[in-house]
Amino acid sequence: CKPHRPSCFCGRDLWQVAVGAMPCTYSRETYLEVLSWLDNTPIKYAPNPKQKTSKSFVRYAKYSKAKTVGEALRFGTYYLDLLFDHQHGHLKATGGPKRKGLVDPNKSAWDETWTKTDKILSKMHSQWLVWTKTFEVADRLGVDRRNLTANKQGGLSIELHATRMEADVMSRLILEEADGKKMPVTDADMLHVLRLWGFRQNVTRQNVMPEGVEWINSDTLGLIAGYDGTVSVNGATRFYPSVTRLMCRWLKDHLPKELSDRFVFSSINVNRGYAAKLHRDGNNEGPSMIRAFGDFTGGELNYWPEDDKTKATIDTLKHEDRMTIDLTDSLLLFDGCRGHSVEPFQGERFTVVFFSIKMAHRASETDRKTLRDVGMPFPDAQGMASTKGLLSPPRGYGDKAEAKAPKSAGKSGPYRFWPRRPKESAVVDLLSEDRIAAAKEAAKFVEPPQEEDDTPPDTTFVGHRMDRKTLEDGRKMLRVYLKGSSGRLVLAATGVEEKKGSARYEYTRVESFSQGKPLRSNQLGDVRAWVADLVAKGGAKGKRGKQSLDTAALTVAGKRKQPSDSSDVAAKPQHGARRGPATSTPERKRQRVAPGATKETPEKPGQPQAAAKRAALEALLMCTGETPVKYAAGAKTAASHPGSHERYAAYARAKTLGEALELGASTADLLYDWQAGHLRLGARKRRKALPAAEEDLGSSRFGRLASRWRAALL
């Protein structure tokens with residue numbers, strides 16, 4: 001763990017802590033000591049070292065009277081105070097008892113014997129592990145940590161993003177090599193990419209999970225549907241398109257000739273390491289194509305080919321009516337809406353399923369184009385009718401009908417299969433280590449395509465990306481790219497570290513970019529405002545803010561002049577927008593104005609936002625995890641919320657607050673959606689009054705979050 005300045009957390013209010021702000025990292029020795037404490041570990045504080053004019057001085061005066069760790073937390077210390085005060089010598093343990101090891105970071109270990117102190121230290125340990133893992137992944141890839149956090153799919157961990165990035169690079173290399181040598185993509189190529197791919201822990205596919213399992217490794221690429229009736233291309237396809245393109249290319253290379261123009265699909269389901277229980281796919285339309293990869297024994301597919309769900313429930317299917325198919329030897333066309341399951345297996349097993357969702361026809365033209373670009377034959381009405389004709393309709397088992405397989409591959413039946421081709425040379429084996437290493441290095445950074453001479457430059461912009469590189473002399477360099485309305489990226493600004501390790505940058509607009517106002521500043525907040533101004537004027541709501549910020553007054557010295565319209569300063573930023581650099585109290589009262597600029601009296605910043613946050617916290621505290629909710633359909637789109645609309649589509653299906661959290665909503669999402677009117681809270685399962693004590697909130701996930709909100713209000 002790399003020690004960082006503990007003071008970097010200063011200036012963040014408690015509301016930001018409540019919605020899950022990333023903690024600072026302290027020295028390894030500090031974490032090892034603090035995480036070994038118990039509720040009754042005796043401690044001693046030094047005389048008050050805080051500035052007398054600060055809030056910390058008052059708070060320290062209260063909790064420094066504590067004699068144990070538990071008392072300190074009850075007297076008002078924050079968990080970060082324990083780390084800060086110990087690292088700076090203000091706090092030390094005066095003896096035992098202590099833990100023999102570190103507190104367990106897994107919430108699953110919590111039980112009735114755990115004290116509040118145990119739970120707080122457990123959370124600290126978990127956050128520390130995440131933070132250190134970020135640095136480990138960045139060091140392993142040889143990339144600045146912020147590159148991994150800035151340009152990744154929303155809600156994805158750093159480690160998963162890194163593995164998916166490697167899978168995407170490998171997929172692109174395989175496709176380039178296959179095209180150059182006119183070779184098919186092989187099973188070995190698919191397996192290589194599947195092993196690299198980082199799987200999420202999917203908790204939503206309850207219908208396929210074996211008994212006693214809380215999550216599975218299962219991801220969907222391509223088109224996904226929300227409970228609110230919206231459909232969209234998911235983030236995994238947008239951020240890692242080469243993986244989807246490789247899988248589509250593999251199917252095209254292995255699809256029988258008689259199906260080359262008849263089988264269409266909108267989505268790909270990728271699974272690893274679980275044997276699905278008996279189920280029917282409820283959201284599919286038409287047949288699916290499936291294949292298994294890996295080194296395993298067992299794992300055959302059980303399939304009830306004549307199952308008609310309109311005539312019988314799934315629990316009435318008889319074991320003797322099933323047929324068993326080895327998916328390692330065959331490419332199988334089957335109907336996922338009929339009963340099927342997987343036999344237990346040993347070893348490494350992946351499956352890839354190509355299918356169409358029922359609501360694919362609702363996809364926008366933009367999403368359809370995205371799917372076609374990655375090689376998916378989008379299921380229009382004519383194509384879907386042709387695909388459905390590949391299998392015969394189910395006859396049901398009520399009349400003891402027997403499932404009859406087609407006598408030949410050219411005739412329809414309840415299922416169809418094609419034996420695997422003879423072993424082919426893997427494309428991945430032809431790739432040199434140097435080429436793979438070079439491609440992985442290039443993938444760490446934003447590299448926009450070169451514009452052709454006759455291509456007119458973009459004048460409107462819809463988004464931006466940033467990356468950081470290390471120069472030959474060891475200094476860091478930040479590059480800012482703007483995404484034009486054509487989809488191309490153009491380098492707009494750079495920032496170079498003044499000297500190695502100084503962490504002080506000078507940001508300027510590049511000479512080749514003529515849009516926007518001049519930029520020269522030492523503050524990254526000024527750069528973000530400059531970018532937001534360009535994106536907002538391009539006619540789209542930028543990711544960092546929806547108000548057009550007047551940044552004409554960026555000065556050569558790196559200080560901000562007063563904007564010409566004071567209402568822009570007080571405008572409420574869009575969800576996800578970062579505030580500009582913090583200013584001192586005198587600067588807030590009296591904005592510095594450069595010579596020649598007009599002095600305006602701005603509104604007092606923060607007051608409307610603070611009141612709105614408090615109202616949102618109070619509204620949520622009146623609820624429980626069982627409180628019914630209803631989300632507005634399509635409230636977040638790719639244009640209005642490019643970084644969160646996929647996540648919104650997933651959790652907007654929730655029927656309760658607890659379910660919204662399980663489906664991926666963050667606490668910040670709940671607060672924002674309520675304030676924006678996207679989230680309506682039901683009248684049932686609510687509290688009659690705000691909880692008077694923390695014990696009233698319970699130990700569920702929602703209860704633990706509500707405990708933070710209550711602390712923020714107090």
Side-chain angles (χ1 to χ4, degrees), residues 3-27 29-99 102-103 105 110 114-128 610 614 617 621 690-697 699 703-714:
H4 288 257
R5 292 178 296 171
S7 59
C8 66
F9 196 83
C10 296
R12 296 188 180 183
D13 58 26
L14 185 56
W15 182 81
Q16 287 178 292
V17 177
V19 298
M22 174 59 72
C24 323
T25 52
Y26 297 83
S27 69
E29 292 71 21
T30 294
Y31 273 103
L32 294 178
E33 171 64 17
V34 173
L35 294 178
S36 70
W37 291 348
L38 295 166
D39 185 74
N40 58 345
T41 298
I43 56 175
K44 183 178 181 181
Y45 281 94
N48 199 329
K50 313 289 184 178
Q51 293 184 2
K52 292 185 178 181
T53 57
S54 68
K55 294 181 180 179
S56 297
F57 181 86
V58 178
R59 194 158 45 81
Y60 187 93
K62 294 179 180 178
Y63 68 70
S64 62
K65 299 175 183 178
K67 303 300 182 183
T68 65
V69 176
E71 280 188 356
L73 291 169
R74 289 190 290 273
F75 289 174
T77 188
Y78 302 151
Y79 68 90
L80 285 173
D81 290 332
L82 297 176
L83 296 169
F84 181 90
D85 292 339
H86 181 272
Q87 179 141 321
H88 286 76
H90 310 327
L91 166 65
K92 65 179 181 179
T94 57
K98 292 184 180 180
R99 304 175 199 275
L102 301 184
V103 61
W110 294 8
W114 281 57
T115 64
K116 179 181 178 181
T117 301
D118 295 331
K119 295 177 181 179
I120 289 176
L121 295 181
S122 174
K123 293 178 183 177
M124 289 170 57
H125 192 183
S126 177
Q127 292 173 334
W128 182 42
R614 185 173 186 86
L617 289 172
L621 274 174
L690 290 174
E694 186 173 341
E695 291 74 17
D696 299 336
L697 298 171
S699 59
R704 295 193 296 272
L705 293 176
S707 177
R708 297 184 187 178
W709 300 336
R710 179 178 177 274
L713 288 176
L714 296 178

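Listed by chain and number, the residues in a side chain to side chain donor-acceptor pair (under 3.5 Å) with Thr115 are Asp118 (sequence neighbours excluded). Shown here are the side chain to side chain contact (heavy atoms under 4.5 Å, CB included) partners of Thr30, two or more places apart in sequence or in another chain: Tyr26, Ser27, Val34, Leu83, His86, Gln87. Under the side chain to side chain donor-acceptor pair (under 3.5 Å) criterion, Tyr63 pairs with Asp85, sequence neighbours left out.
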Pairs under 3.5 angstrom only: tabulate donor-acceptor contacts from the side chains of residues 35-43 to other protein residues two or more places apart or in another chain.
from, atom 1, to, atom 2, distance (Å)
Ser36, OG, Glu33, O, 2.6
Trp37, NE1, Glu33, O, 3.3
Trp37, NE1, Glu33, OE2, 2.8
Asp39, OD1, Thr117, OG1, 2.6
Thr41, OG1, Leu38, N, 2.7
Thr41, OG1, Leu38, O, 3.3
Thr41, OG1, Pro97, O, 2.6

Side-chain polar contacts of residues 68-75 - donor-acceptor pairs under 3.5 angstrom, sequence neighbours left out - could you list them?
from, atom 1, to, atom 2, distance (Å)
Thr68, OG1, Glu71, N, 3.2
Glu71, OE1, Lys67, N, 2.8

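The aromatic rings of His90 and Phe84 lie tilted to each other, with the angle between the two planes from 30° to 60°.
Closest approach of Trp114 to Ser122, counting heavy atoms only: CZ3-CB, 3.7 Å. Among all heavy-atom pairs drawn from Gly89 and Ala46, the shortest one is O-CB, 4.3 Å. What you find for Trp110 and Lys123 is that their closest heavy atoms are CH2-CE, 3.6 Å. When all heavy atoms of Gln127 and Tyr79 are compared, the pair lying nearest together is OE1-OH, 3.4 Å.
Between Tyr60 and Pro49, some side-chain heavy-atom pair lies under the 4.5 Å cut-off.
With rounding to the nearest 0.5 angstrom, the OG1 atom of Thr77 is 8.0 Å from the CG atom of Leu91.
Judged as a salt bridge (charged side-chain N to carboxylate O under 4.0 Å, His left out), the pairs with a partner in residues 54-66 (not counting sequence neighbours) are, in order, Arg59-Asp81.
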